Chemist: 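Before I ask anything, here is the structure I am working with.
In listed order, ligands and their atoms are each counted from 1. For clarity, every value in this text was computed on a predicted model and none was experimentally measured.
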Amino acid sequence: MEDWQRELQSSITKPEDLARELGVDPDAIRDVMKEYRVRITPHVLKQIKEKGDAVWKQVVPEAVEGDDLLAAADPLNEDADSPVPHLVHRYPDRVLLMVTNQCPIYCRFCTRKRLVGKPGFISKGDLDRAVDYIQRHPEIRDVILSGGDPLLLTDDHLDRVLKALRAIPHLEIIRIGSRVPGSLPSRITEKLCAMVRKYHPIYMNLHFNHPEEITPEVKRACERLADAGIPLGSQTVLLKGVNDDPEVMKRLMQKLLACRVKPYYIYQADLTRGTNHFRTTVEDGLAILKAIQGHTSGMAVPHYVIDAPGGGGKVPLLPADYLVELNAREAILKNYEGRVFQYPQVEPDKVSMTPQHANGPFKILNNGGDE
Ligand SMILES: *Cc1c(COP(=O)(O)O)cnc(C)c1O
């Protein structure tokens, strides 16, 4: 057994563990824990500094999870978009391949709350069927390994999955979505990195929600992956009481960049049964984006998206402020400081810009000061 597997085995999983380690009343959460699994790795347990802090809220179960019966258990209708078991084919050129339902930690706000925690990893037969489907669909050029967390597969098992996918000639890129580097960094061994890099181009999108999650061990895990030539992105869920604060979110994005992780997505929380207490307003998300855009490195600015049901996919949202007006003559623009500019549109029949150019020069209209 490898060190990381031993660490995973000593995770918190039972009401009695929560009582002993965190002083939680075991009877208050027993029913919820029958429905939704708990796992907190020793690494994440160490990051909890006090009751109800940002790390605690993400991993410690609450009785309120059981009160929320209105939202759907499968809000994105992923089951309906599944042509063969373990595969979700919703977009034209890319698919999700769920290789396990196991995770290093069970996020209380998980969209796949109904599924995660069930034992087991993808079987040889199911992998063959998924690969066969991708073979028969030459339009698929991108496979995203998901779950559960693909990095909980053993090196050998993950090697077999990547090898089978790489045998498909039309497949261009493989992505892995994982919370392992942030919650079980000991899993990111040199051996794993050496195996993964055989199958480039491989991308990874890592799940992080709060700057406190980025410990020295986590930073080293990210650097190891980056050194293996894996471009790293991040995915963050906007969560009430965890990161619904522009300063916290800006700090997280900056810390990710310092670990060579490029912020990719901030997700508006889905309407998943048992997670309603984490939802924020859309205005909160837009305010966060506005506080980041222009105020710090452009590299730190992710896309803010809402995942639409019925195969709608991710819909990107931008604060409305930047494009004040757009017509055939001009675009009125507002920058991050509130300064307003008039950009003259090109006229189809004019090739050169002259002072007589009908739509005029690019002008400052207003030096703002409203921010
Ligand atoms: C998020 C998602 C993808 C990948 O989306 P990108 O915008 O390409 O990162 C693909 N399929 C499904 C079902 C998804 O939910």
Chemist: Mind jotting down which protein residues get a heavy-atom contact under 4.0 Å with ligand 1? Chain and number order, please.
Modeler: V88, R90, Y91, R94, L96, I144, R175, Y264, Y265, K314
Chemist: Looking at the rings of H89 and Y133, which for Trp means the six-membered one, are their centres under 6.0 Å apart?
Modeler: yes
Chemist: Run the side chain to side chain contact (heavy atoms under 4.5 Å, CB included) test against Q235 and tell me which residues pass, sequence neighbours left out.
Modeler: N205, Y265, Y267
Chemist: Quick one: salt bridge (Lys or Arg N to Asp or Glu O under 4.0 Å) partners of R129, sequence neighbours excluded?
Modeler: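 Partners of R129 under the salt bridge (Lys or Arg N to Asp or Glu O under 4.0 Å) test: D126.
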Chemist: Check the side chains of E330 and Y343 for a donor-acceptor pair under 3.5 angstrom, ignoring hydrogens and angles.
Modeler: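 The criterion, which ignores hydrogens and geometry beyond distance, is not satisfied for E330 and Y343.
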Chemist: If you link I, L, V, M, F, W and Y whenever their side-chain heavy atoms are under 4.5 Å apart, who else ends up in the same group as V55?
Modeler: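 In the cluster with V55 are I12, L18, L22, V24, I29, M33, V38, I40, V44, L45, I48, W56, V59, V60, I105.
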Chemist: Please confirm whether K113 makes a cation-pi placement over Y36, using NZ or CZ under 6.0 Å from the six-membered ring centre and within 45° of the ring normal.
Modeler: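 So K113 does make the cation-pi contact.
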